[in-house]
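Numbers for residues simply follow the sequence, beginning at 1. Please read all numbers here as calculations on a predicted model, not as lab measurements.
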Amino acid sequence: MEATQQTLEKAVLEKMALRQQQGAGLDMSRIEWLDRTAQPYRELMAYYRCALMEVETKFNVLNQEFSVQYDRNPIESIKSRIKEPSSILAKMVTRQYPLTLESLEENLCDVAGIRVVCSFIEDIYMLADCLEKQDDITLVTRKDYIKNPKDNGYRSLHLIVEVPIFLQRKKKLMKVEIQLRTIAMDLWASLEHKMKYKKQVPNAEELTRELKVCAEMSARLDERMQAIHQGLMGD
């Protein structure tokens with residue numbers, strides 16, 4: 001337990017140091033938040049992990065059912081993660097949220113995140129619709145960056161859902177952020193993320209323009225690949 005606490009503190013200190021260098025002005029006394037909430041914080045993160053398992057299982061079941069019925073899998077891969085404690089703290093301080101676990105649960109919707117990479121655009125909407133229709137899933141927000149891409153070219157379907165987890169003595173609703181995208185969208189997002197967080201990128205403006213062009217090309221590729229797939233399936 002002591003080793004875990006030291007790891008959390010080290011992560012927060014590193015994040016704070018970086019933010020201070022960037023002018024965010026985080027006070028080092030914020031580390032006291034983890035001191036006060038160490039055990040309850042770990043319990044809350046465990047609840048988020050349980051919620052991720054629930055949602056991932058739902059997608060795996062849909063993938064298996066689709067495989068049996070149509071002899072193909074709409075899901076290429078599923079990845080999940082819990083936001084790092086340093087990132088959680090930095091986001092709460094930056095947005096001036098109260099430093100309490102109740103505030104964390106209420107205000108942050110991306111603590112638990114799952115990324116579902118699909119074969120085709122139509123698979124994204126099919127899976128999202130199937131998930132939203134399940135009676136234990138509550139849709140909080142839906143943002144469609146496929147039909148309405150971000151200015152930099154980013155495309156994905158984002159869902160925030162609430163899912164119940166059943167504990168020893170209670171049921172608890174937990175928020176999970178879901179990103180659904182195609183292989184091309186995922187490759188583009190991965191490259192854009194690396195560029196965004198890489199220090200001193202040479203020719204940054206030129207590479208940003210090139211990424212925007214690549215986003216448009218990958219969008220057309222997704223559409224053409226889906227058209228070929230529909231032709232093969234006789235749609």
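The environment of CE in Met45 is crowded: more than 12 heavy-atom neighbours from other residues, nucleotides or ligands sit within 6.0 Å. More than 12 non-hydrogen atoms from other residues, nucleotides or ligands lie less than 6.0 angstrom from CD of Gln69. Around atom CG of Asp129, more than 12 heavy atoms belonging to other residues, nucleotides or ligands sit under 6.0 Å away.
Hydrophobic clustering (side-chain heavy atoms under 4.5 Å, transitive across Ile, Leu, Val, Met, Phe, Trp, Tyr) keeps Val163 apart from Met53. The hydrophobic cluster containing Tyr125 also contains Tyr70, counting ILVMFWY residues as joined when their side-chain heavy atoms lie under 4.5 angstrom apart, directly or transitively. No path of Ile, Leu, Val, Met, Phe, Trp and Tyr side chains, each step under 4.5 Å between heavy atoms, connects Val117 with Met126, placing them in separate hydrophobic clusters.
The aromatic rings of Phe120 and His229 sit parallel, their planes meeting at an angle under 30°, below the 60° perpendicular limit. Under the 30°/60° scheme for interplanar angles, the aromatic rings of Tyr154 and His158 are found to stand perpendicular.
A distance-only check finds a donor-acceptor pair linking the side chain of Asp144 to the backbone of Lys147 [under 3.5 Å].
What you find for Leu89 and Leu99 is that their closest heavy atoms are CD1-CD2, 3.7 Å. Residues Ser218 and Ala184 come closest through the heavy atom pair CB-CB, 4.0 Å. Here the closest heavy-atom approach between residue Arg155 and residue Pro149 is recorded as CG-CB, 3.8 Å. What you find for Leu104 and Val111 is that their closest heavy atoms are CD2-CG2, 3.8 Å. Shortest non-hydrogen contact noted between Ile75 and Phe59 is CD1-O, 3.5 Å. Nearest approach of Tyr41 to Leu101, heavy atoms of both residues: N-CD1, 3.8 Å.
With 3.5 Å as the limit, one finds no donor-acceptor pair spanning the side chains of Gln226 and Arg224. For Glu76 and Ser119, the side-chain atoms include at least one donor-acceptor pair closer than 3.5 Å.
With rounding to the nearest 0.5 Å, the separation of CD1 in Ile124 from CG in Leu159 is 10.5 Å.
Under the 4.5 Å side-chain criterion, counting only non-hydrogen atoms from C-beta, Glu210 is not in contact with Glu206.
Using a cutoff of 4.0 Å between basic side-chain nitrogens and carboxylate oxygens, Lys175 and Glu105 are not scored as salt-bridged. Checked for salt-bridge contact, Lys212 and Asp151 miss the test: no charged N lies under 4.0 Å from a carboxylate O.
Partner of Met174 under the side chain to side chain contact (heavy atoms under 4.5 Å, CB included) criterion, chosen from Leu52, Val55, Leu44: Leu44. Of the options Gln179, Arg181, Lys79, a side-chain hydrogen bond (donor to acceptor under 3.5 Å, both in side chains) to Asp186 is made by Arg181 and by none of the others.
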Apply side-chain contact (heavy atoms from CB on, under 4.5 Å) to Glu162 and Ile137, showing your working. CA-CA 6 Å; Glu162 277 190 337; Ile137 288 288; over 6 Å; no
